[in-house]
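In what follows, a structure is listed as structure tokens, so that the remarks can point back to it.
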Amino acid sequence: MPMAPMSSQCTKKETNRGAWTAEEDQKLAQVIEIHGPKRWKSVAAKAGLNRCGKSCRLRWMNYLRPNIKRGNISAQEEDLILRLHKLLGNRWSLIAGRLPGRTDNEIKNYWNSHLSKKVKQKEKQSRGLVAEESRPQNTKVKEMDFVEKRSEEGTSKGDEDSKFSHIEDGLFDCSSEGPLNLEWMSKFLEMDEDWLEFA
DNA sequence: AACAACCTCAACCGCATCAGA
DNA sequence: GTCTGATGCGGTTGAGGTTGT
């Protein structure tokens with residue numbers, strides 16, 4: 001699939017662009033099997049691929065990596081994405097990290113094509129329902145308050161990450177536990193509003 | 001059948017951050 | 001401390017597929 005002009009990092013020489021061929025995939029997978037998924041520039045060179053390292057990394061991460069699930073996002077996964085997005089915002093890589101076999105790109109695409117519409121619709125509906133109740137606070141508002149509170153305390157962009165750090169690094173970090181227990185995560189996320197209230 | 005409008009998703013871009021020299 | 005290249009991330013694009021007229 002031909003794309004726009006070359007990025008600055010791929011201008012040095014003529015590089016292949018657009019859709020990957022099966023042959024390219026095979027070459028890339030072979031080299032990564034031997035050398036591992038690092039030093040992408042040299043991986044591209046070793047594989048004899050006329051691709052920039054960035055492109056190879058993306059292809060590996062989103063398509064060739066082992067244990068990648070493709071398509072058919074289950075209702076449970078969808079629910080999890082919705083909850084995690086409510087909690088973390090557009091931090092796709094973090095959300096993907098909690099969904100074994102799913103990539104940030106896939107989740108981002110799924111969100112943009114399916115869930116964002118669903119959420120908007122839901123919001124519209126609930127807005128209509130709660131209009132009379134004049135209830136000013138929903139979870140999102142609470143979350144924004146929390147972020148604002150933190151920024152008042154002098155948190156910068158770098159510190160913004162730290163507002164999640166106790167979650168990410170502690171009880172929320174499942175990376176070391178092998179395959180994620182989705183049920184457990186869903187249950188945990190049921191606590192998200194309580195957590196935001198607490199924060 | 002033909003065309004338009006819409007949808008999906010692989011791939012690219014630009015920027016931020018990290019790591020090593 | 002600074003520079004530079006590598007890596008990672010979120011946003012965006014556009015080809016190809018699907019659906020509607």
Side-chain angles (χ1 to χ4, degrees), chain A residues 1-29 31-32 34-47 49-75 77-78 80-121 140 143-144 147 151 155-165 167-169 172-176:
Chain A
M1 173 186 328
M3 291 289 288
M6 296 196 174
S7 79
S8 58
Q9 282 149 317
C10 300
T11 49
K12 292 281 186 305
K13 52 181 176 180
E14 288 292 313
T15 51
N16 282 348
R17 309 178 70 71
W20 281 67
T21 64
E23 196 189 346
E24 285 178 311
D25 282 346
Q26 202 184 347
K27 283 179 183 173
L28 181 61
V31 170
I32 288 171
I34 297 163
H35 296 97
K38 52 191 173 184
R39 313 281 302 173
W40 290 106
K41 209 174 167 182
S42 65
V43 163
K46 281 180 179 125
L49 294 168
N50 206 11
R51 298 264 184 183
C52 64
K54 236 177 162 177
S55 181
C56 293
R57 177 188 162 270
L58 203 71
R59 185 63 179 170
W60 173 256
M61 298 300 282
N62 292 333
Y63 201 85
L64 298 175
R65 214 162 27 127
N67 306 323
I68 285 203
K69 277 190 218 164
R70 305 201 64 77
N72 295 332
I73 290 187
S74 67
E77 284 176 308
E78 185 179 304
L80 199 49
I81 294 168
L82 284 164
R83 288 164 177 275
L84 284 165
H85 186 270
K86 201 163 105 179
L87 199 61
L88 302 170
N90 295 0
R91 296 161 67 95
W92 307 115
S93 62
L94 271 179
I95 295 172
R98 272 73 198 172
L99 287 153
R102 300 295 183 185
T103 69
D104 54 352
N105 210 31
E106 189 178 17
I107 288 165
K108 182 170 58 184
N109 282 333
Y110 190 71
W111 177 270
N112 288 333
S113 57
H114 297 88
L115 299 182
S116 63
K117 286 172 204 161
K118 266 193 191 178
V119 167
K120 269 180 198 166
Q121 254 182 350
K140 195 72 198 169
E143 187 174 2
M144 293 304 286
V147 173
S151 61
T155 47
S156 62
K157 203 292 180 202
D159 291 335
E160 202 212 331
D161 278 351
S162 70
K163 77 173 181 265
F164 302 109
S165 62
I167 312 176
E168 290 164 17
D169 300 339
F172 206 52
D173 184 11
C174 310
S175 56
S176 58

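Naming: A, B, ... by sequence-line order, numbering from 1 per chain.
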At a cut-off of 3.5 Å, list every protein nitrogen or oxygen paired with a nitrogen or oxygen from nucleotides 5-8 of chain B, distance to 0.1 Å.
unit_1, atom_1, unit_2, atom_2, d
B:dT8, OP1, A:H114, NE2, 3.3
B:dT8, OP2, A:S113, O, 3.1

* Asked: What's the CG-C1' distance between A:N72 and B:dC9, to the nearest Å?
  -> 14 Å
* **Candidate nucleotides C:dC9, C:dG10, B:dA11, ranked by approach to the side chain of A:N90 - the nearest** => C:dG10
* To the nearest Å, give me how far apart NZ (A:K54) and P (C:dG5) are. => 15 Å
* Structure fact -> Rounded to whole Å, the CZ-C1' distance (A:R65 to B:dA10) equals 15 Å
* To do: For the residue pair A:V43 and A:W60, establish whether any side-chain heavy-atom pair is separated by less than 4.5 Å.
  => no
* To do: Check whether any side-chain nitrogen or oxygen of A:R91 sits under 4.0 Å from OP1 or OP2 of C:dG10, and answer yes or no.
  => no
* To do: Compare all side-chain heavy atoms of A:I73 with those of A:R102 and state whether any distance is below 4.5 angstrom.
  => yes
* Structure fact -> Taken to the nearest whole Å, CG/A:N105 to C1'/C:dG8 is 13 Å
* To do: Could you tell me which residues satisfy ring-ring contact (aromatic ring centres under 6.0 Å, His included) with A:H35, sequence neighbours excluded, listed by chain and number?
  => none
* Whole Å only: how far is the CZ atom of A:R59 from the C1' atom of B:dC9? -> 12 Å
* **Nearest-0.5 Å distance, OG of residue A:S93 to NZ of residue A:K108** => 9.5 Å
* Given side chains that start at C-beta, do those of A:W92 and A:N105 come closer than 4.5 Å, heavy atoms only? -> no
* Asked: Expressed in angstrom and rounded to an integer, what is the separation of A:K38 atom NZ from C:dA6 atom C1'?
  -> 14 Å
* Out of B:dC12, C:dG8, B:dA11, which has the shortest distance to the side chain of A:R17? -> B:dC12
* Please report, rounded to the nearest Å, how far the C1' atom of B:dC12 is from the NZ atom of A:K108. => 10 Å
* Structure fact -> From the candidates B:dA10, C:dC9, B:dC12, the one with an atom nearest any side-chain atom of A:R51 is B:dC12
* Ion pair check, A:E24 and A:R59, cut-off under 4.0 Å -> no
* To do: Working to the nearest 0.5 Å, report the span between CG of A:L58 and OH of A:Y63.
  => 13.0 Å
* Under 3.5 Å, is there an N or O donor on one side and an acceptor on the other linking the side chain of A:N109 and the base of B:dA10? -> yes
* Distance, rounded to the nearest Å, where A:W40 contributes CH2 and C:dA6 contributes P -> 14 Å
* Value rounded to 0.5 Å, distance of CD in A:Q26 from OG1 in A:T21 -> 9.5 Å
* N or O in side chain of A:W92 less than 4.0 angstrom from C:dG11 OP1/OP2 -> yes
* Asked: Hey, does the side chain of A:S93 come within less than 4.0 Å of C:dC9's phosphate (OP1/OP2), counting only N and O?
  -> yes
* **OP1 or OP2 of B:dG20 under 4.0 Å from side-chain N/O of A:R39** => no
* Indicate whether OP1 or OP2 belonging to C:dG8 is found under 4.0 Å from a side-chain N or O atom of A:R57. => yes
* Should A:K41 be listed as having a side-chain N or O under 4.0 Å from OP1 or OP2 of C:dA6? -> yes
